[in-house]
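Encoded as C-alpha coordinates, the structure appears first; notes follow it.
Keep in mind that what you see is a predicted model, and the values were worked out from it rather than measured.
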Amino acid sequence: MDTCALQDPKTENNPYLGFIYTSFQERATFISHGNTARLAKELGDMKLAQICGIIAADEKRHETAYTKIVEKLFEIDPDATILALADMMRKKISMPAHLMFDGQDDNLFENYSTVAQRIGVYTAKDYADILEFLVGRWKVEKLTGLSGEGRRAQDFVCGLPPRIRRLEERAQGRVKDASSTAPFSWVFGRELKL
(Lines give C-alpha, C1' and ligand atoms only; values in the text may rest on other atoms or scores of the structure.)
Protein backbone atom coordinates (compact mmCIF):
# COMPACT_ATOMS: atom_id res chain seq x y z
CA MET A 1 0.00 0.00 0.00
CA ASP A 2 3.07 2.24 -0.13
CA THR A 3 1.97 4.14 -3.27
CA CYS A 4 -1.46 4.76 -1.74
CA ALA A 5 0.06 7.04 0.89
CA LEU A 6 0.45 9.70 -1.79
CA GLN A 7 -3.28 10.14 -2.25
CA ASP A 8 -6.62 9.93 -0.51
CA PRO A 9 -8.19 6.66 -1.65
CA LYS A 10 -11.46 7.70 0.08
CA THR A 11 -11.21 4.95 2.69
CA GLU A 12 -12.02 7.35 5.56
CA ASN A 13 -9.73 5.52 7.99
CA ASN A 14 -12.13 2.57 7.76
CA PRO A 15 -10.25 -0.76 7.56
CA TYR A 16 -13.07 -2.38 5.55
CA LEU A 17 -12.80 0.33 2.90
CA GLY A 18 -9.00 0.20 3.04
CA PHE A 19 -8.76 -3.54 2.48
CA ILE A 20 -11.32 -3.43 -0.33
CA TYR A 21 -9.45 -0.56 -1.99
CA THR A 22 -6.09 -2.31 -1.74
CA SER A 23 -7.51 -5.60 -3.03
CA PHE A 24 -8.73 -3.79 -6.14
CA GLN A 25 -5.66 -1.58 -6.50
CA GLU A 26 -3.17 -4.43 -6.16
CA ARG A 27 -4.99 -6.50 -8.80
CA ALA A 28 -5.07 -3.45 -11.11
CA THR A 29 -1.33 -2.87 -10.75
CA PHE A 30 -0.66 -6.59 -11.25
CA ILE A 31 -2.61 -6.40 -14.53
CA SER A 32 -1.09 -3.14 -15.76
CA HIS A 33 2.51 -4.17 -14.98
CA GLY A 34 1.87 -7.57 -16.57
CA ASN A 35 0.48 -5.91 -19.70
CA THR A 36 3.45 -3.53 -19.80
CA ALA A 37 5.82 -6.52 -19.52
CA ARG A 38 4.03 -8.23 -22.41
CA LEU A 39 4.18 -5.11 -24.60
CA ALA A 40 7.85 -4.52 -23.77
CA LYS A 41 8.66 -8.12 -24.69
CA GLU A 42 6.73 -7.81 -27.97
CA LEU A 43 8.76 -4.69 -28.79
CA GLY A 44 12.05 -6.37 -27.92
CA ASP A 45 12.86 -4.65 -24.61
CA MET A 46 13.62 -7.74 -22.54
CA LYS A 47 15.03 -5.83 -19.55
CA LEU A 48 11.89 -3.70 -19.20
CA ALA A 49 9.77 -6.83 -19.68
CA GLN A 50 11.71 -8.58 -16.90
CA ILE A 51 11.46 -5.61 -14.52
CA CYS A 52 7.71 -5.21 -15.10
CA GLY A 53 7.21 -8.96 -14.74
CA ILE A 54 8.93 -8.95 -11.35
CA ILE A 55 6.81 -6.01 -10.21
CA ALA A 56 3.63 -7.72 -11.48
CA ALA A 57 4.49 -10.85 -9.50
CA ASP A 58 5.03 -8.75 -6.38
CA GLU A 59 1.69 -6.98 -6.89
CA LYS A 60 0.01 -10.40 -7.27
CA ARG A 61 1.33 -11.45 -3.84
CA HIS A 62 -0.04 -8.24 -2.32
CA GLU A 63 -3.41 -8.86 -4.00
CA THR A 64 -3.57 -12.37 -2.58
CA ALA A 65 -3.02 -11.12 0.97
CA TYR A 66 -5.59 -8.32 0.78
CA THR A 67 -8.27 -10.40 -0.91
CA LYS A 68 -7.90 -13.06 1.78
CA ILE A 69 -8.45 -10.41 4.45
CA VAL A 70 -11.62 -9.18 2.73
CA GLU A 71 -12.75 -12.78 2.28
CA LYS A 72 -12.51 -13.18 6.05
CA LEU A 73 -14.39 -9.91 6.59
CA PHE A 74 -17.21 -11.28 4.43
CA GLU A 75 -17.28 -14.40 6.61
CA ILE A 76 -17.47 -12.59 9.95
CA ASP A 77 -19.32 -9.38 9.02
CA PRO A 78 -21.01 -9.75 5.61
CA ASP A 79 -23.42 -6.85 5.98
CA ALA A 80 -20.80 -4.23 6.86
CA THR A 81 -18.42 -5.62 4.23
CA ILE A 82 -20.93 -5.51 1.37
CA LEU A 83 -21.88 -1.97 2.38
CA ALA A 84 -18.19 -1.02 2.32
CA LEU A 85 -17.71 -2.64 -1.10
CA ALA A 86 -20.72 -0.79 -2.51
CA ASP A 87 -19.44 2.46 -0.98
CA MET A 88 -16.01 2.05 -2.59
CA MET A 89 -17.55 1.24 -5.96
CA ARG A 90 -19.82 4.28 -5.81
CA LYS A 91 -16.73 6.41 -5.15
CA LYS A 92 -14.98 4.75 -8.10
CA ILE A 93 -11.60 3.33 -7.26
CA SER A 94 -8.86 5.58 -8.60
CA MET A 95 -5.28 4.50 -8.91
CA PRO A 96 -2.60 6.45 -7.03
CA ALA A 97 -1.21 7.75 -10.34
CA HIS A 98 -4.23 10.02 -10.77
CA LEU A 99 -2.25 12.66 -8.85
CA MET A 100 0.87 12.51 -11.02
CA PHE A 101 2.07 15.88 -12.27
CA ASP A 102 5.18 16.69 -14.26
CA GLY A 103 5.07 20.42 -13.57
CA GLN A 104 3.84 21.10 -17.10
CA ASP A 105 0.71 19.20 -18.10
CA ASP A 106 -2.40 19.76 -15.98
CA ASN A 107 -4.07 16.87 -17.84
CA LEU A 108 -1.16 14.46 -17.45
CA PHE A 109 -3.07 11.58 -15.87
CA GLU A 110 -6.00 11.94 -18.26
CA ASN A 111 -3.62 11.87 -21.22
CA TYR A 112 -1.61 9.00 -19.73
CA SER A 113 -4.73 6.92 -19.03
CA THR A 114 -6.00 7.56 -22.56
CA VAL A 115 -2.76 6.20 -24.00
CA ALA A 116 -2.78 3.27 -21.53
CA GLN A 117 -6.36 2.44 -22.58
CA ARG A 118 -5.54 2.69 -26.28
CA ILE A 119 -2.47 0.42 -26.17
CA GLY A 120 -3.96 -2.06 -23.71
CA VAL A 121 -1.90 -1.41 -20.57
CA TYR A 122 -4.98 -0.82 -18.41
CA THR A 123 -8.51 -0.47 -19.74
CA ALA A 124 -12.06 -0.02 -18.59
CA LYS A 125 -12.47 -3.70 -19.47
CA ASP A 126 -9.75 -4.50 -16.92
CA TYR A 127 -11.65 -2.44 -14.32
CA ALA A 128 -14.82 -4.47 -14.98
CA ASP A 129 -12.84 -7.73 -15.01
CA ILE A 130 -11.30 -6.90 -11.63
CA LEU A 131 -14.66 -6.17 -10.06
CA GLU A 132 -16.14 -9.32 -11.57
CA PHE A 133 -13.18 -11.35 -10.28
CA LEU A 134 -13.50 -9.94 -6.75
CA VAL A 135 -17.28 -10.42 -6.68
CA GLY A 136 -16.72 -14.05 -7.62
CA ARG A 137 -13.77 -14.56 -5.28
CA TRP A 138 -15.71 -13.15 -2.35
CA LYS A 139 -18.92 -14.96 -3.39
CA VAL A 140 -20.86 -11.69 -3.19
CA GLU A 141 -23.81 -13.03 -5.17
CA LYS A 142 -24.26 -15.88 -2.69
CA LEU A 143 -24.31 -13.77 0.48
CA THR A 144 -27.34 -14.45 2.68
CA GLY A 145 -28.74 -13.01 5.88
CA LEU A 146 -28.11 -9.43 4.79
CA SER A 147 -30.14 -6.45 5.95
CA GLY A 148 -32.34 -4.66 3.40
CA GLU A 149 -29.58 -2.12 2.89
CA GLY A 150 -27.07 -4.96 2.51
CA ARG A 151 -29.21 -6.68 -0.14
CA ARG A 152 -29.50 -3.41 -2.07
CA ALA A 153 -25.71 -3.00 -1.87
CA GLN A 154 -25.30 -6.61 -3.06
CA ASP A 155 -27.58 -5.97 -6.06
CA PHE A 156 -25.71 -2.76 -6.88
CA VAL A 157 -22.28 -4.39 -6.77
CA CYS A 158 -23.33 -7.50 -8.70
CA GLY A 159 -24.91 -5.33 -11.40
CA LEU A 160 -21.85 -3.13 -11.90
CA PRO A 161 -19.61 -5.26 -14.15
CA PRO A 162 -22.13 -5.36 -17.05
CA ARG A 163 -22.75 -1.60 -16.67
CA ILE A 164 -19.01 -0.89 -16.72
CA ARG A 165 -18.61 -3.11 -19.80
CA ARG A 166 -21.27 -1.11 -21.65
CA LEU A 167 -19.47 2.12 -20.73
CA GLU A 168 -16.19 0.57 -21.88
CA GLU A 169 -17.67 -0.24 -25.28
CA ARG A 170 -18.72 3.39 -25.66
CA ALA A 171 -15.27 4.56 -24.54
CA GLN A 172 -13.64 2.30 -27.14
CA GLY A 173 -15.77 3.97 -29.79
CA ARG A 174 -14.52 7.38 -28.67
CA VAL A 175 -10.90 6.21 -28.58
CA LYS A 176 -11.08 5.04 -32.19
CA ASP A 177 -12.39 8.47 -33.23
CA ALA A 178 -9.73 10.41 -31.32
CA SER A 179 -6.86 11.79 -33.37
CA SER A 180 -5.29 14.27 -30.97
CA THR A 181 -1.81 14.07 -29.45
CA ALA A 182 -0.17 15.32 -26.27
CA PRO A 183 3.47 15.80 -25.26
CA PHE A 184 4.87 13.62 -22.48
CA SER A 185 7.76 15.17 -20.57
CA TRP A 186 9.20 11.81 -19.49
CA VAL A 187 9.70 10.80 -23.12
CA PHE A 188 11.51 14.06 -23.86
CA GLY A 189 8.38 15.98 -24.82
CA ARG A 190 7.49 13.48 -27.53
CA GLU A 191 3.93 13.86 -28.85
CA LEU A 192 1.95 10.67 -28.35
CA LYS A 193 -1.35 9.80 -29.96
CA LEU A 194 -4.20 9.88 -27.45
Inset, instruction - Drop me the distance from Arg61's CZ to Glu26's CD, to the nearest 0.5 angstrom. - result: 11.0 Å
Legend entry - Nearest heavy atoms of Ala124 and Ile164, plus distance in Å: O-CG2, 3.8 Å
Legend entry - Spacing of Thr81 atom OG1 and Leu143 atom CG [to the nearest 0.5 Å]: 8.5 Å
Inset, instruction - Please step through side-chain contact (heavy atoms from CB on, under 4.5 Å) for the pair Glu42 and Arg38, ending with a clear verdict. - result: CA-CA 6 Å; Glu42 288 172 8; Arg38 178 185 47 77; 3.3 Å; yes
Inset, instruction - Determine, stepwise, if the pair Leu17 / Lys91 fulfils side-chain contact (heavy atoms from CB on, under 4.5 Å). - result: CA-CA 11 Å; Leu17 297 174; Lys91 293 174 186 175; 3.9 Å; yes
Legend entry - For Leu160, the option from Leu131, Leu85, Val135 that meets side chain to side chain contact (heavy atoms under 4.5 Å, CB included): Leu131
Legend entry - Crowding at NZ, Lys41 (>12 non-hydrogen neighbours, <6.0 Å): no
Legend entry - Pairwise side-chain contact, Met88 with Phe19, heavy-atom cut-off 4.5 Å (strictly under): no
Legend entry - Nearest non-hydrogen partners of Ala40 and Ala49, listed with the distance: CB-N, 3.7 Å
Inset, instruction - Measure from the side-chain N and O atoms of Thr67 to the backbone N and O of Ser23, and report whether any donor-acceptor pair falls under 3.5 Å. - result: no
Legend entry - Distance-only side-chain donor-acceptor flag, Tyr16 / Asp77, under 3.5 Å: yes
Inset, instruction - For a side chain to side chain contact (heavy atoms under 4.5 Å, CB included) with Arg118, tell me which candidate from Val115, Thr114, Val121 qualifies. - result: Val115
Legend entry - Which residues share a side-chain hydrogen bond (donor to acceptor under 3.5 Å, both in side chains) with Tyr127, sequence neighbours left out: none
Inset, instruction - Compare every heavy atom of Gly34 with every heavy atom of Ala56, then report the nearest pair and how far apart it is. - result: CB-N, 3.7 Å
Legend entry - Intermediate values then yes/no, salt bridge (charged side-chain N to carboxylate O under 4.0 Å, His left out), Arg137 and Glu63: CA-CA 12 Å; Arg137 164 82 193 246; Glu63 173 206 335; 5.4 Å; no
Legend entry - Separation of Phe133 CZ from Arg27 CZ (nearest 0.5 Å): 4.0 Å
Inset, instruction - Measure from the side-chain N and O atoms of Glu59 to the backbone N and O of His33, and report whether any donor-acceptor pair falls under 3.5 Å. - result: no
Inset, instruction - Not counting sequence neighbours, which residues clear side chain to side chain contact (heavy atoms under 4.5 Å, CB included) with Asn107? List them please. - result: Asp105, Glu110, Asn111
Legend entry - Phe188 CZ: over 12 foreign heavy atoms closer than 6.0 Å: no
Legend entry - Gap between atom CD1 of Ile119 and atom CG of Asn35 - 0.5 Å precision: 9.5 Å
Inset, instruction - Check the hydrophobic clustering (I, L, V, M, F, W, Y; side-chain heavy atoms under 4.5 Å; chains of links allowed) and say if Leu39 and Ile55 are grouped together. - result: no
Legend entry - Under 3.5 Å: donor-acceptor pair, side chain of Gln154, backbone of Val140: yes
Inset, instruction - Report the C-alpha distance between Tyr66 and Gln25 in whole Å, list the side-chain angles of each, state the deciding distance to 0.1 Å, and finish with yes or no for side-chain contact (heavy atoms from CB on, under 4.5 Å). - result: CA-CA 10 Å; Tyr66 289 119; Gln25 184 264 335; over 6 Å; no
Inset, instruction - Say whether Met100 and Val187 are linked into one hydrophobic cluster, either directly or through other cluster members, by side-chain heavy-atom distances under 4.5 angstrom. - result: yes
Inset, instruction - Using side chain to side chain contact (heavy atoms under 4.5 Å, CB included) as the criterion, list what pairs up with Ala65, not counting sequence neighbours. - result: none
Legend entry - Chi angles and distances behind the salt bridge (charged side-chain N to carboxylate O under 4.0 Å, His left out) call for Asp155, Arg152: CA-CA 5 Å; Asp155 290 343; Arg152 286 188 294 280; over 6 Å; no
Inset, instruction - Report the distance from atom CD of Glu149 to atom CG of Leu83, rounding to the nearest 0.5 Å. - result: 5.0 Å
Inset, instruction - Not counting sequence neighbours, which residues clear ring pair (Phe, Tyr, Trp, His ring centres under 6.0 Å) with Tyr122? List them please. - result: none
Inset, instruction - Any chance you could measure Asp87, atom CG, to Ile20, atom CD1, to the nearest 0.5 Å? - result: 8.5 Å
Legend entry - Joint hydrophobic cluster, Ile31 plus Leu48, side-chain heavy atoms closer than 4.5 Å: no
Legend entry - Heavy-atom closest pair, residues Ile82 and Phe74: N-CE2, 3.7 Å
Inset, instruction - Sequence neighbours left out, what passes side chain to side chain contact (heavy atoms under 4.5 Å, CB included) with Thr64? Give chain and number order. - result: Lys68
Legend entry - Derivation and outcome, side-chain contact (heavy atoms from CB on, under 4.5 Å), residues Phe184 and Tyr112: CA-CA 8 Å; Phe184 283 81; Tyr112 167 78; 4.1 Å; yes
Inset, instruction - Name all residues meeting the side chain to side chain contact (heavy atoms under 4.5 Å, CB included) criterion together with Lys125; count only those two or more places apart in sequence or in a different chain, and write none if there are none. - result: Thr123, Asp129, Arg165, Glu168
Inset, instruction - Check the surroundings of atom CD in Glu141: do more than 12 heavy atoms from other residues, nucleotides or ligands lie under 6.0 Å from it? - result: no
Inset, instruction - Group every Ile, Leu, Val, Met, Phe, Trp and Tyr by side-chain heavy-atom contacts under 4.5 Å, then state whether Leu146 and Leu73 land in the same group. - result: yes
